[in-house]
Student: 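Can you read through this structure? Questions will come right after.
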Amino acid sequence: MSTTIDAEFEIDGWDEKPYAEPPEGPKLTRIVIRKTYRGALAGTGVAEVLTAQGEGGAGYVASERIEGILDGRPGSFVIQHGGLADGDEQSTFGAVVPKSGTGELAGLSGRAVEARHGVLTLEFSFGAEVRAEDV
């Protein structure tokens, strides 16, 4: 059985560095984002993000380590998530990295997406892992 939470977060730090700005095509950027989560997920997160930002289209992929208390259990875990934008159309995807949970979060698995600004939606369980083809 899985549990779904919406964890609100604030961005505490944003360190952006372009690594490719070609005359044509999207700008490529690396960003380190620091977050504070509150609610059913209380703690901090640090995300390493790669973006492609072009005219009318964009995309990102991120690995984020979250440390804190999830639904009363202390520990840490890593999520990998991303998204694409084509004009007004947007889509996101993400999952808990298998076997990344520590402390009382060992065995954590699930899906994680930022479909709304400032909110991480986490559907999770303990024991069963999400397979890459299920994301």
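Predicted model, so just to flag it, every value in this text is computed and none were measured.
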Student: Tell me, do Ile5 and Leu70 make a side-chain contact under 4.5 Å, heavy atoms counted?
Tutor: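 Counting from C-beta outward, Ile5 and Leu70 do come under 4.5 Å.
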Student: Side chains of residues 41-55: which donor-acceptor pairs under 3.5 Å do they make with residues two or more places apart or in other chains?
Tutor:
residue : atom : partner : partner atom : Å
Glu48   : OE1  : Arg30   : NE           : 3.2
Glu48   : OE1  : Arg30   : NH2          : 2.7
Glu48   : OE2  : Arg30   : NH2          : 3.3

Student: Rounded to the nearest 0.5 Å, how far apart are OG1 of Thr3 and CZ of Phe126?
Tutor: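 Here the interatomic distance stands at 8.0 Å.
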Student: Would you give the length of the straight line joining atom CD1 of Ile31 to atom CD of Glu16, rounded to the nearest 0.5 angstrom?
Tutor: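 Those atoms lie 4.0 Å apart.
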Student: Are Tyr37 and Ile66 side-chain neighbours, meaning at least one heavy-atom pair lies under 4.5 Å?
Tutor: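 Yes. Closest side-chain heavy atoms under 4.5 Å.
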Student: Residues in salt bridge (Lys or Arg N to Asp or Glu O under 4.0 Å) with Asp6, at least two apart?
Tutor: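 With neighbours one apart ignored, the set is Arg116.
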Student: Mind checking what makes salt bridge (Lys or Arg N to Asp or Glu O under 4.0 Å) contact with Arg65, not counting sequence neighbours?
Tutor: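 By the salt bridge (Lys or Arg N to Asp or Glu O under 4.0 Å) rule, Arg65 matches Glu67.
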Student: Is it true that Asp71 and Arg73 make a salt bridge, defined as a side-chain N closer than 4.0 Å to a carboxylate O?
Tutor: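 Judged by the 4.0 Å cut-off on N to carboxylate O distance, Asp71 and Arg73 do not form a salt bridge.
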Student: Considering only heavy atoms from C-beta outward, does the side chain of Thr121 approach that of Thr4 to under 4.5 Å?
Tutor: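 Yes - at least one pair of side-chain heavy atoms lies under 4.5 Å apart.
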Student: Checking side chain to side chain contact (heavy atoms under 4.5 Å, CB included) for the pair Ile33/Asp15: CA distance, chi angles, key distance, verdict?
Tutor: CA-CA 7 Å; Ile33 302 172; Asp15 182 21; over 6 Å; no
Student: What pairs with Glu24 under salt bridge (Lys or Arg N to Asp or Glu O under 4.0 Å), at least two apart in sequence or on another chain?
Tutor: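 Here no residue qualifies.
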Student: To the closest 0.5 Å, what do you measure between CD (Glu123) and CZ (Arg111)?
Tutor: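 Result: 5.5 Å between the selected atoms.
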Student: I'd like to know if Glu114 and Lys35 make a salt bridge, using a cut-off of under 4.0 Å between side-chain N and carboxylate O.
Tutor: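 Answer for the salt bridge query: yes.
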Student: Same cluster or not: Tyr19 versus Val32, using hydrophobic residues (I, L, V, M, F, W, Y) connected whenever any side-chain heavy atoms lie under 4.5 Å apart?
Tutor: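 Different clusters: Tyr19 never reaches Val32 through Ile, Leu, Val, Met, Phe, Trp or Tyr contacts under 4.5 Å.
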Student: Report the distance from atom CZ of Phe9 to atom CG of Leu120, rounding to the nearest 0.5 Å.
Tutor: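 Here the interatomic distance stands at 7.0 Å.
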Student: Nearest 0.5 Å please: distance from the CZ atom of Phe77 over to the CG atom of Leu105.
Tutor: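 Going from the CZ atom of Phe77 to the CG atom of Leu105 covers 6.5 Å.
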Student: Could you tell me whether Arg34 atom CZ has more than 12 heavy atoms of other residues or ligands within 6.0 Å of it?
Tutor: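 Open: at most 12 neighbouring heavy atoms sit under 6.0 Å from CZ of Arg34.
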Student: If you compare all heavy atoms of Ser2 against all heavy atoms of Ser125, which two are closest, and at what distance to 0.1 Å?
Tutor: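 Heavy atoms only, the tightest pair is CA-CB, 4.1 Å.
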Student: So, taking the atom named NZ in Lys99 and the one named CG in Leu108, what distance separates them when rounded to the nearest 0.5 Å?
Tutor: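 Taking NZ in Lys99 and CG in Leu108, the distance rounds to 12.0 Å.
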Student: Which pairs of donor and acceptor atoms, one on a side chain in residues 78-95, lie under 3.5 Å apart (sequence neighbours left out)?
Tutor:
residue : atom : partner : partner atom : Å
Gln80   : NE2  : Ser63   : OG           : 2.9
His81   : ND1  : Tyr60   : OH           : 3.4
His81   : NE2  : Glu64   : OE1          : 3.1

Student: Hydrophobic side-chain clustering at under 4.5 Å (ILVMFWY, transitive links): who's grouped with Val119? Put none if nobody.
Tutor: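 Under the 4.5 Å side-chain rule, Val119 groups with nothing.
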